[in-house]
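A short write-up of the structure that comes next.
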Amino acid sequence: MKITLKDGSVKEYREPKTVLAIAADVSEGLARIACAGEVNGEILDLRTEIREDCALNIITVNDAEGLKVIRHTASHVMAEAVQRLFPDAKVAIGPAIENGFYYDFDHAPFSREDLDSIEAEMKKIIKEGHEITRFTLPREEAIQYMKERNEPYKVELIEDLPEDAEISFYDQGGFVDLCAGPHLMSTKGIKAFKLISSSMAYWRGDEHKAQLQRIYATAFQKKEELKAYLEHLEDIKKRDHNRLGREMELFTTVDVVGQGLPLILPKGVKMIQKLQRWIEDLEDNEWGYVRTKTPLMAKSDLYKISGHWDHYKDGMFVLGDEEKDKEVFALRPMTCPFQYYVYKNSQKSYRDLPYRMGETSTLFRAEESGEMHGLTRVRQFTISEGHLVIRPDQTEEELKNCLDLAYYTLSTLGLQEDVTYRLSKWDPANREKYLGDEAYWENTQDALRKILLEKKVPFVEADGEAAFYGPKIDIQAKNVYGKEDTMITIQLDCAIAENFDMYYIDENGDKIRPYIIHRTSMGCYERTLAWLIEKYAGKFPTWLCPEQARVLPISDKYNDYAGRVAAELKKNGVDASVDARSEKIGFKIRAARLDKLPYMLVVGQQEEADGTVSVRSRFAGNEGVKPLDAFIEQIGKEIRTKEIRKELPEEEKAR
């Protein structure tokens with residue numbers, strides 16, 4: 001048989017060879033760092049025996065797939081360590097993930113001390129250097145084998161496999177786990193690892209199933225790589241909006257209010273208010289929107305017309321019982337059906353289109369409790385929602401305008417480099433979930449794809465991510481932990497108008513069904529606030545800061561002048577305050593720095609006499625003494641232009 005290697009060279013063998021044996025034949029050094037083999041594009045175990053011609057790439061510890069193998073093996077070592085220390089623990093699943101691995105256990109919650117003990121036990125197992133072997137069993141034997149080992153979660157996994165499936169297991173010195181592999185040849189191959197945290201997780205992600213305990217961990221080939229990653233995690237913790245947003249008193253949560261129902265505190269409200277006023281003025285004054293205000297709830301009849309009752313009811317908060325109550329209401333999960341009736345309030349002609357409606361909409365969605373996280377996944381949120389009723393011939397131009405508006409919004413916020421674009425398509429295998437036929441979906445998806453290609457926007461395509469009525473351009477962003485969420489969406493809908501008998505009168509006097517674009521210009525305000533907290537680590541651009549300048553009198557004698565300075569700043573649209581505490585100026589400056597303020601204005605005898613302020617900024621340190629009018633002009637321009645001023649390195653600030 002002929003084995004074609006990655007470099008194009010060919011190895012010939014008369015007898016079957018394992019991937020590891022072929023790696024050793026190439027070089028002993030390659031065999032030492034080999035983790036798996038890519039055989040005709042498929043990642044397989046080093047133990048795999050090759051019997052026919054193929055293309056083979058040896059996966060090593062230096063490859064991304066090799067790191068996955070190391071981490072997957074480490075997850076098994078962790079499971080063995082847990083069962084050594086806690087014999088009653090039942091194992092569930094333990095995959096490698098983007099930044100490490102995890103394993104789920106049926107056990108009481110793990111403390112940090114428990115994790116430290118598990119780490120120590122893992123080091124013992126690795127030092128013991130158990131050879132890892134693979135064996136298979138027929139399905140029924142595999143089920144019986146796991147029943148005898150009292151592993152009910154493994155039994156359930158096997159029972160879900162086809163009856164003719166051959167089930168593989170890996171044995172590392174007596175600890176046996178159900179697994180498809182691949183794995184390292186020995187536990188000694190794990191060089192550097194760390195258990196990060198533990199949390200609750202539902203079995204198979206279903207809140208109606210058992211609550212398990214998930215241990216998150218990571219592993220690397222080199223200790224230096226692990227050290228760098230742990231330092232990265234420390235930076236992440238400092239940026240995590242769920243922690244930093246509370247420390248900065250932007251929001252909080254209270255158990256008796258409810259999960260996914262954050263309380264936005266005054267500083268957070270100030271930031272959202274600035275975003276909202278900016279977006280509303282932008283849409284209305286520059287992009288031709290009319291503003292609507294519609295109810296927070298409606299009868300079920302409305303959602304039945306729109307199709308949401310059939311397609312989205314499980315995600316809605318329903319008020320009442322259809323079997324008992326004369327009328328059943330639901331809190332709105334979206335604004336579109338309400339705005340359709342705004343459109344229908346008066347007859348429209350082709351000259352009235354596009355008719356662009358914008359609304360700052362508070363919405364409600366019955367998210368599962370396991371999905372809740374800070375401000376990014378909540379049950380009540382406010383969104384910069386809009387619906388454009390258009391003629392078919394206006395589709396391309398209006399879609400481009402929506403994309404341009406989204407990009408302008410992101411650019412102003414300094415977030416344009418942090419997003420990816422996704423064409424969210426229907427899933428032909430689940431046609432019952434969607435309106436329209438195959439031709440409808442191909443045509444609408446092609447329309448969005450054309451816009452992305454013409455705008456030269458890099459994008460990926462994803463099946464099954466469309467709304468039930470049409471495809472979407474979703475603008476995605478990741479939080480500091482790598483979790484991806486949709487920030488802005490643009491959706492093309494050529495079907496719903498018929499449900500609501502929406503039409504316009506064309507130039508011939510005929511009634512024509514319009515198309516509808518569902519879009520957001522910035523998305524959810526709460527999620528955007530979370531994103532901004534993490535992006536800037538709380539050091540926001542001046543225009544967004546809830547407090548933009550703080551006046552610091554060097555003693556009580558200058559409180560009156562400080563008050564006059566703050567009043568003048570406020571008169572000119574600057575959010576300013578006075579620190580009138582009887583503290584030393586150094587203490588006040590440190591406090592302002594901890595609050596991440598853009599500007600501190602120190603005032604004393606000379607400043608009062610000259611009508612000046614001594615400016616210290618987060619960006620440049622000591623900016624010197626300036627006339628108050630000059631500073632007002634400086635900060636006013638920064639706010640008006642929404643400038644994102646860069647921060648100098650600390651050594652330059654000190655000069």
Side-chain angles (χ1 to χ4, degrees), residues 20 32-37 43-47 59-86 89-105 107 110 112 114-134 151 153-154 168-199 201 212-230 232-233 481-482:
L20 182 61
R32 280 195 298 272
I33 62 173
C35 293
I43 306 297
L44 297 175
D45 205 280
L46 288 172
R47 303 159 187 80
I59 303 295
T60 75
V61 296
N62 300 315
D63 299 318
E65 288 295 334
L67 187 55
K68 279 186 182 179
V69 176
I70 292 171
R71 288 169 171 174
H72 197 180
T73 305
S75 78
H76 280 219
V77 171
M78 182 168 72
E80 180 180 0
V82 168
Q83 289 201 324
R84 280 188 180 187
L85 295 172
F86 309 98
K90 307 299 178 205
V91 291
I93 56 172
I97 54 177
E98 184 177 359
N99 294 314
F101 60 93
Y102 70 79
Y103 214 115
D104 290 344
F105 302 92
H107 188 264
F110 295 102
R112 182 66 245 183
D114 291 334
L115 299 188
D116 293 340
S117 299
I118 295 166
E119 268 189 25
E121 194 64 31
M122 289 176 69
K123 289 176 182 177
K124 290 181 186 177
I125 295 168
I126 293 167
K127 190 175 181 181
E128 289 165 9
H130 298 293
E131 180 185 358
I132 301 173
T133 58
R134 181 180 185 272
E151 294 291 0
Y153 299 100
K154 301 296 183 181
S168 61
F169 297 85
Y170 282 81
D171 184 334
Q172 55 192 44
F175 175 80
V176 180
D177 202 353
L178 169 74
C179 189
H183 282 280
L184 299 176
M185 300 300 289
S186 162
T187 59
K188 278 190 175 179
I190 302 167
K191 305 296 184 184
F193 70 94
K194 181 69 178 177
L195 272 56
I196 306 298
S197 63
S198 66
S199 64
L212 306 177
Q213 299 304 315
R214 175 172 297 177
I215 299 178
Y216 286 100
T218 194
F220 289 88
Q221 169 61 12
K222 297 177 181 178
K223 291 182 179 179
E224 295 79 8
E225 293 171 337
L226 175 62
K227 181 182 177 184
Y229 178 71
L230 295 178
H232 170 64
L233 285 186
Y481 296 104

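In this structure, the side chain to side chain donor-acceptor pair (under 3.5 Å) partners of Gln172, at least two apart in sequence or on a different chain, are Glu80. By the salt bridge (charged side-chain N to carboxylate O under 4.0 Å, His left out) test, Lys124 is found to be paired with Glu121, residues two or more places apart in sequence or in another chain being considered. Partners of Phe86 according to the ring-ring contact (aromatic ring centres under 6.0 Å, His included) rule, which considers only residues two or more places apart in sequence or in another chain, are His107, Phe110. Glu151 is linked by a salt bridge (charged side-chain N to carboxylate O under 4.0 Å, His left out) to nothing, counting only residues two or more places apart in sequence or in another chain. With sequence neighbours excluded, the residues that form a side chain to side chain contact (heavy atoms under 4.5 Å, CB included) with Ser75 are His72, Phe101, Tyr103. Here Glu128 pairs with Arg84, His130 under the side chain to side chain donor-acceptor pair (under 3.5 Å) rule; sequence neighbours left out. Here Phe193 pairs with nothing under the ring-ring contact (aromatic ring centres under 6.0 Å, His included) rule; sequence neighbours left out. Among residues two or more places apart in sequence or in another chain, the side chain to side chain contact (heavy atoms under 4.5 Å, CB included) test is passed with Leu212 by Ala92, Asp104, Asp106, Tyr153, Trp203, Ala210. For Asn62, the side chain to side chain contact (heavy atoms under 4.5 Å, CB included) partners are Ile33, Thr60, not counting sequence neighbours.
Note on residues 215-226: pairs passing side chain to side chain donor-acceptor pair (under 3.5 Å), not counting sequence neighbours, are Arg214-Tyr216. Residue pairs meeting the salt bridge (charged side-chain N to carboxylate O under 4.0 Å, His left out) criterion with at least one member in residues 168-196, sequence neighbours excluded: Glu119-Lys194, Lys154-Asp177. Within the structure, salt bridge (charged side-chain N to carboxylate O under 4.0 Å, His left out) contacts touching residues 59-73 (residues at least two apart or in different chains) are Glu65-Lys68.
Side-chain contact between Leu233 and Ile196 is present, with at least one heavy-atom pair separated by less than 4.5 Å.
No donor-acceptor distance shorter than 3.5 angstrom exists from the side chain of Arg47 to the backbone of Pro182, with no hydrogens or angles considered.
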